[in-house]
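Note that the structure is predicted; figures quoted are calculated from it, not measured. In what follows, chains carry the letters A, B, and so on, assigned in the order in which the sequence lines appear, proteins first and then strands, with residues in each chain numbered from 1.
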Amino acid sequence: MTDHDVESSVRIECAAALGRPCEGRLLVSGQGFNARYDLDLATGVFSRPDHDLYGSSLAGRIYVFQGPKGGIATSWALDALAQRGLAPLGLICEQVNPVLVQGASLAGIALLAGYAPAQAARLVDGACVRLDPARRQIILLD
Amino acid sequence: MKLDDAQLAMRRGTAGPAVQWAIEQQIEVGRFFGAERLIPVGSVLAGAEIGITGASGLALLERLAADAARVRVPSFTAACSLDFERWAEFRLPFAQYAAERRLHDALRKMGFIDTSTCVNYQSVSPPRFREHLGWGDTGAVAFANSAAGACSNYEGGPASIAAALTGLVPEYGFHLPERRRATRLYEVTTPLRGISDWSALGAWIGADVKDYWSVPAVLLRGAGPTIDELKHCLAAAASFGSLAMMHLVGATPEAATLEAAFGDTPAPAPRRIGRAEIDGVYQGFSGEGGKVDLVVFSAPQASLPEAVAIIEQLQGRRVAAGTRLIITVNHQVQAELERLGEVQRLTEAGGELLAGTCFYVMAPALVREQFNFRHLVTPSCKLANILGGAGYRPALRSVDECVEAAVAGVLR
């Protein structure tokens, strides 16, 4: 994709962001997320049987989910995954809590949060996107 | 974000690389949330156990300790992943014990008081009204904000370490009076009995809200909760909904009245919670009946009166063969139970006391595999919620029913 194509791509504005720019394919869940409740931390694969991404791996994907749930485990777990090459490239969610932001900061994972609910339908599993935290934008590349 | 001279010096590295790392983390998080400054905290509760820190978190903490990092305010540790005296009885691997030991040694070297408790507010560091805190256990944060009127966000593991090293936190969220006002209203129309009912209430509201920034206010019918009932209610609300604060009108300090809870905003019409809603939570954790492998009183750690009541309820009877009854407490409660002879009464009845841990952080999936555990009974919705993801079939019951299930060895 050329720079011109990127300039003309659809952009989704977010309320807050941190981290470095990245590009990858979306892994989309309709549920909340907690690393302790939902993940096998040894593999980065969703292990909760009733999770809609059960059996999928976070590694190298840009993970879209509703928001964090539960406790503090995610704050350490993102870095633990990152150190072993199992972390997502980026995180996109409607809502955040401090634990998720603290974890993304420690792990150096891009996080964009607070997009308009009407934009959710544009975030389709498998779609290629670029995250631009400095501009608080999700850029749809497909 | 405005930094004062001392904070700018920390950022330049004048206080060493550990403090520099800490304040950089806090500035990035503070900027994300629009914080205008960093504020001092009275104490820190650090959530760090090897099950969630992993090797990378252990390496970070050991590096900070090697860099001569020191806490600047009284700082305590939350529950860890095993009882250092009894870990082998649960067939936990030596590697887990050794790594947890190293992690806690690093925390001690930095000056953390190694209490290993998630109920520090009931024993070692009770919070004060309007005191700013840097606490990292979600149930403890919900208790501090709601029951004591203190002020803390969820300071997750690394953030709580950073708060201890700087003595500061970014000022956003529940440090700001305007974020502490009630945003939703519930009315409980049924009497609630015991910690399991209150835990179910917290679970129901948490699942309904599912938003850290929302603050429910709850109108109660009849007497308010005991401290232990409130503890379980708030822990469940945090577990199911990521909630950090809840007002119980007439029972918590910032909600003497409905008007006080909502401030300048008119209260909305309440959503009613009756017996059907509470029973629905129990039905969500109905178990499968039949043989019981485990009866667990944990999440949060039991207080002294909770533990004594469970032992009293046993009435000298023995736990059934093939069933294990486990109570988790902190070291302070363990010492008092020993002094009172209650530990002996519990063990003579076939029960077990674990100290410094909480069952759900004790590698529960591994323990289940080692013992072929499946059927677990508990009065804690938080425990049931988490262990469902670790392959257990949890059943939520009252404390009395839990004890009876342990004695009978079956769930009726």
Could you check whether the rings of B:Tyr121 and B:Phe143 sit parallel, tilted or perpendicular, using 30° and 60° as the cut-offs? parallel

Toward chain A, the part of B:Val361 with a non-hydrogen atom under 4.5 Å: both

Sort A:Leu41 into side chain, backbone, both or neither according to what part of it lies under 4.5 angstrom from a heavy atom of chain B. side chain

For the candidates B:Tyr172, B:Tyr360, B:Phe32, which exhibits the highest count of non-hydrogen atom pairs separated by less than 4.5 Å from chain A? B:Phe32

Select one option (side chain, backbone, both, neither) describing which atoms of B:Ala48 are under 4.5 Å from chain A's heavy atoms. both

Tabulate, in ascending numerical order, the residues of residues 48-64 of chain A having at least one heavy atom closer than 4.5 Å to a heavy atom of chain B, or enter 'none'. A:Arg48

Flag the pair B:Thr357 / B:Ser81 as yes when at least one side-chain heavy-atom distance between them is below 4.5 Å, and no otherwise. no

Minimum heavy-atom separation for B:Leu64 and B:Met110, please, with both atom names. CB-SD, 3.9 Å

Given the options B:Gln26, B:Glu28, B:Glu155, A:Gln102 meets side chain to side chain contact (heavy atoms under 4.5 Å, CB included) only with B:Glu155

Top of B:Ala244, B:Gly54, B:Gly157 for chain A proximity - count of heavy-atom pairs under 4.5 angstrom: B:Gly157

Is chain B contacted by the side chain of A:Ala35, its backbone, both, or neither, given a heavy-atom distance below 4.5 Å? neither

Pull out the residues in residues 109-128 of chain A that come under 4.5 Å of chain B, heavy atom to heavy atom, sorted by number. A:Leu111, A:Ala113

So A:Asp142 and A:Arg25, do their side chains get closer than 4.5 Å, heavy atoms only? yes

Under 4.5 Å from any heavy atom of chain A - which part of B:Leu243: neither

One option among A:Gln83, A:Arg84, A:Gln95, A:Gln66 has the most heavy-atom pairs under 4.5 Å with chain B, and it is A:Gln95

Report which part of B:Ile161 has an atom under 4.5 Å of a heavy atom belonging to chain A: side chain, backbone, both, or neither. side chain

List the atom of A:Leu91, the atom of A:Ala104, and the distance in Å for their closest heavy-atom pair. CD1-CB, 4.3 Å

If you count heavy-atom pairs within less than 4.5 Å of chain B, which of A:Ala82, A:Ala80, A:Ala16 leads? A:Ala16

Residue that, paired with B:Tyr154, satisfies ring pair (Phe, Tyr, Trp, His ring centres under 6.0 Å) out of B:Phe174, B:Tyr212, B:Phe33: B:Tyr212

So which part of B:Glu24 gets closer than 4.5 Å to some heavy atom of chain A, the side chain, the backbone, both or neither? neither

